[in-house]
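Structure first, then comments.
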2 protein chains.
Amino acid sequence: MPPRTYHHPDVEEIAIARVLFALSEPLRLNMVKMLAEQGEVDSIDLGPDLPRSTLTHHTSLLRESGVVFVRAEGRKCMIKLRGEDLDARFPGLLGTVLTGYESDDGDRGEANV
Amino acid sequence: MPPRTYHHPDVEEIAIARVLFALSEPLRLNMVKMLAEQGEVDSIDLGPDLPRSTLTHHTSLLRESGVVFVRAEGRKCMIKLRGEDLDARFPGLLGTVLTGYESDDGDRGEANV
DNA sequence: ATTATAGTTCGAGAATTGTCGCACGGTCAA
DNA sequence: TTGACCGTGCGACAATTCTCGAACTATAAT
């Protein structure tokens with residue numbers, strides 16, 4: 001009956017080690033890149049080819065580490081970066097990671113575009 | 001006979017996902033913090049209470065991910081941050097991580113000082 | 001109400017990572 | 001040379017993490 005709800009850690013509760021771990025996974029790092037470019041997106045757009053349970057796994061990990069905010073929208077769910085929260089907690093961190101990821105063509109920077 | 005040598009990735013080879021993973025481990029993150037504060041240090045100082053093989057495991061991972069430079073000094077080994085290399089590859093990343101770690105007392109920020 | 005769709009949970013298995021004892025080779029002092 | 005010390009590599013085990021199918025719940029359309 002109750003509509004889907006999601007738990008999000010408070011800003012003070014966000015731990016840097018967990019954030020770094022969340023961003024250290026290529027799939028998740030690419031998701032974060034998309035979120036930074038596109039704003040709030042439908043979760044399915046973050047991994048159209050992934051099994052749903054795998055997608056849920058990664059989005060949940062990003063949410064529980066404090067990187068993203070998840071919101072139920074009808075039967076799908078919308079995801080956006082917690083950019084301001086992250087910047088308040090760890091100033092500049094997200095920006096430098098994303099800038100660094102841009103210049104890292106060794107991982108998967110542009111071969112798939 | 002040959003003195004101990006260590007392989008270090010070139011600057012261009014340093015991958016951001018691997019760096020973030022290396023920094024996502026509390027033990028290793030604390031080692032990096034010490035290195036940032038103290039410059040080049042004896043490896044033993046990074047984990048006096050750790051089993052040697054465990055210490056080697058973590059220092060090797062930091063070295064292979066491009067975070068630290070390791071040098072044999074007699075029978076011990078000296079370790080220092082590759083600060084300039086990291087900054088050339090991913091500008092500002094290390095600084096923001098260290099700054100963020102400083103303000104993160106939830107992990108182990110100051111309870112042990 | 002029925003059907004279809006989307007996300008979640010649970011479980012199992014594979015893969016990766018962390019921990020640590022132990023033997024080995026290199027280094028230094030006596 | 002002998003012996004103590006330090007780091008490394010190996011191997012085994014524990015702990016985490018990743019992947020993904022299947023059953024389930026909620027939502028929307030017919």
Side-chain angles (χ1 to χ4, degrees), chain A residues 1-8 15 17-32 34-35 40-80 107-108, chain B residues 1-8 15 17-32 34-35 40-80 107-108:
Chain A
M1 277 299 254
R4 264 172 304 174
T5 59
Y6 300 92
H7 175 259
H8 297 82
R18 288 179 63 116
V19 171
L20 294 175
F21 180 77
L23 298 178
S24 71
E25 176 69 30
L27 248 61
R28 292 192 293 262
L29 185 52
N30 202 58
M31 290 179 183
V32 170
M34 293 179 61
L35 289 167
E40 190 176 43
V41 305
D42 189 337
S43 70
I44 194 67
D45 294 331
L46 293 179
D49 300 333
L50 291 176
R52 298 295 157 80
S53 50
T54 301
L55 186 58
T56 297
H57 169 73
H58 289 294
T59 56
S60 297
L61 197 151
L62 286 170
R63 171 177 52 80
E64 287 161 12
S65 62
V67 176
V68 302
F69 183 83
V70 181
R71 168 177 70 90
E73 172 81 15
R75 49 185 162 180
K76 32 190 176 173
C77 76
M78 304 296 290
I79 307 187
K80 63 177 173 181
D107 252 332
R108 57 182 10 246
Chain B
M1 279 298 255
R4 263 171 304 170
T5 58
Y6 300 92
H7 175 260
H8 297 83
R18 287 180 63 114
V19 172
L20 295 174
F21 180 77
L23 299 177
S24 72
E25 176 69 27
L27 250 60
R28 291 193 293 264
L29 185 52
N30 202 58
M31 291 179 183
V32 170
M34 294 179 60
L35 290 167
E40 191 176 41
V41 304
D42 189 338
S43 69
I44 195 66
D45 294 331
L46 294 179
D49 300 333
L50 290 176
R52 298 297 155 78
S53 49
T54 301
L55 186 58
T56 297
H57 169 71
H58 288 295
T59 56
S60 296
L61 197 152
L62 285 170
R63 171 177 52 80
E64 288 162 11
S65 62
V67 176
V68 303
F69 183 82
V70 181
R71 170 176 68 88
E73 171 83 14
R75 49 184 162 179
K76 31 189 178 174
C77 77
M78 305 296 290
I79 307 187
K80 62 178 174 182
D107 253 331
R108 57 178 13 243

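Sequence lines set the chain letters: A, B, ... in the order given, protein chains first and strands last, and positions in each chain run from 1.
Going from atom CG of B:L27 over to atom P of D:dA15 covers 17 Å, rounded to whole Å. Across the protein-nucleic acid pair, B:L23 atom CG and C:dT17 atom C1' stand 16 Å apart, rounded to whole Å. Atom P of nucleotide D:dA28 and atom CG of A:D42 are separated by 14 Å, given to the nearest angstrom. A straight line from CZ of A:R75 to C1' of D:dC24 spans 16 Å, rounded to a whole angstrom. D:dT8 atom P lies 8 Å from atom CD1 of B:I79, rounded to whole Å. Going from atom CE of A:M78 over to atom C1' of C:dA6 covers 13 Å, rounded to whole Å. Atom-to-atom, CZ of A:R4 to C1' of C:dA6 comes out at 7 Å; the value is rounded to the nearest Å.
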Atom pairs and distances, donor-acceptor, side-chain atoms in residues 46-55 of chain A, under 3.5 Å, two or more places apart:
none

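Of the residues in residues 60-69 of chain B, not one comes within less than 4.0 Å of DNA chain D through any heavy atom. Residues of residues 43-57 of chain B having a heavy atom closer than 4.0 Å to DNA chain C, listed by number: B:P51, B:S53, B:T54, B:H57.
Not counting sequence neighbours, the partners of B:F69 by the ring pair (Phe, Tyr, Trp, His ring centres under 6.0 Å) test are B:H8. Shown here are the side-chain contact (heavy atoms from CB on, under 4.5 Å) partners of A:S60, two or more places apart in sequence or in another chain: A:T56, A:R63, A:E64. With sequence neighbours left out, the salt bridge (Lys or Arg N to Asp or Glu O under 4.0 Å) criterion links A:D42 to A:K76. For the side chain to side chain donor-acceptor pair (under 3.5 Å) test, residues two or more places apart in sequence or in another chain that qualify with B:H58 are B:R28. Residues satisfying the side chain to side chain donor-acceptor pair (under 3.5 Å) test with A:R71, not counting sequence neighbours, are A:E40, A:E73.
Where the helix from C:dA1-D:dT30 to C:dA30-D:dT1 starts and where it ends, the local axes point in directions that differ by 30°; five pairs per end, rounded to 10°.
Heavy atoms only, all atoms of each residue included: A:V19 and A:V67 are closest at CG1-CG2, 4.2 Å. Taking every heavy atom of both residues into account, A:A22 and A:S65 meet most closely at CB-OG, 3.5 Å.
Using a 4.5 Å heavy-atom cutoff, the side chains of B:L62 and B:M31 are in contact.
Contact annotation: A:Y6 side-chain N/O to C:dG7 OP1/OP2 distance is not under 4.0 Å.
When each of B:V70 and A:E25 is assigned the nucleotide of DNA chain D with its nearest heavy atom, B:V70 is the one assigned upstream, toward the 5' end. Along DNA chain D, the nucleotide nearest A:R28 and the nucleotide nearest A:G74 are compared for position; the residue whose nucleotide lies closer to the 5' end is A:R28.
If you take CZ on A:F21 and CG on B:L29, they are separated by 14.0 Å, rounding to the nearest 0.5 Å. We find the OG1-CG distance between B:T59 and B:L35 to be 10.5 Å, quoted to the nearest 0.5 Å.
Listed candidates were C:dG7, D:dT8, D:dC18. Nearest to the side chain of A:K76 is C:dG7.
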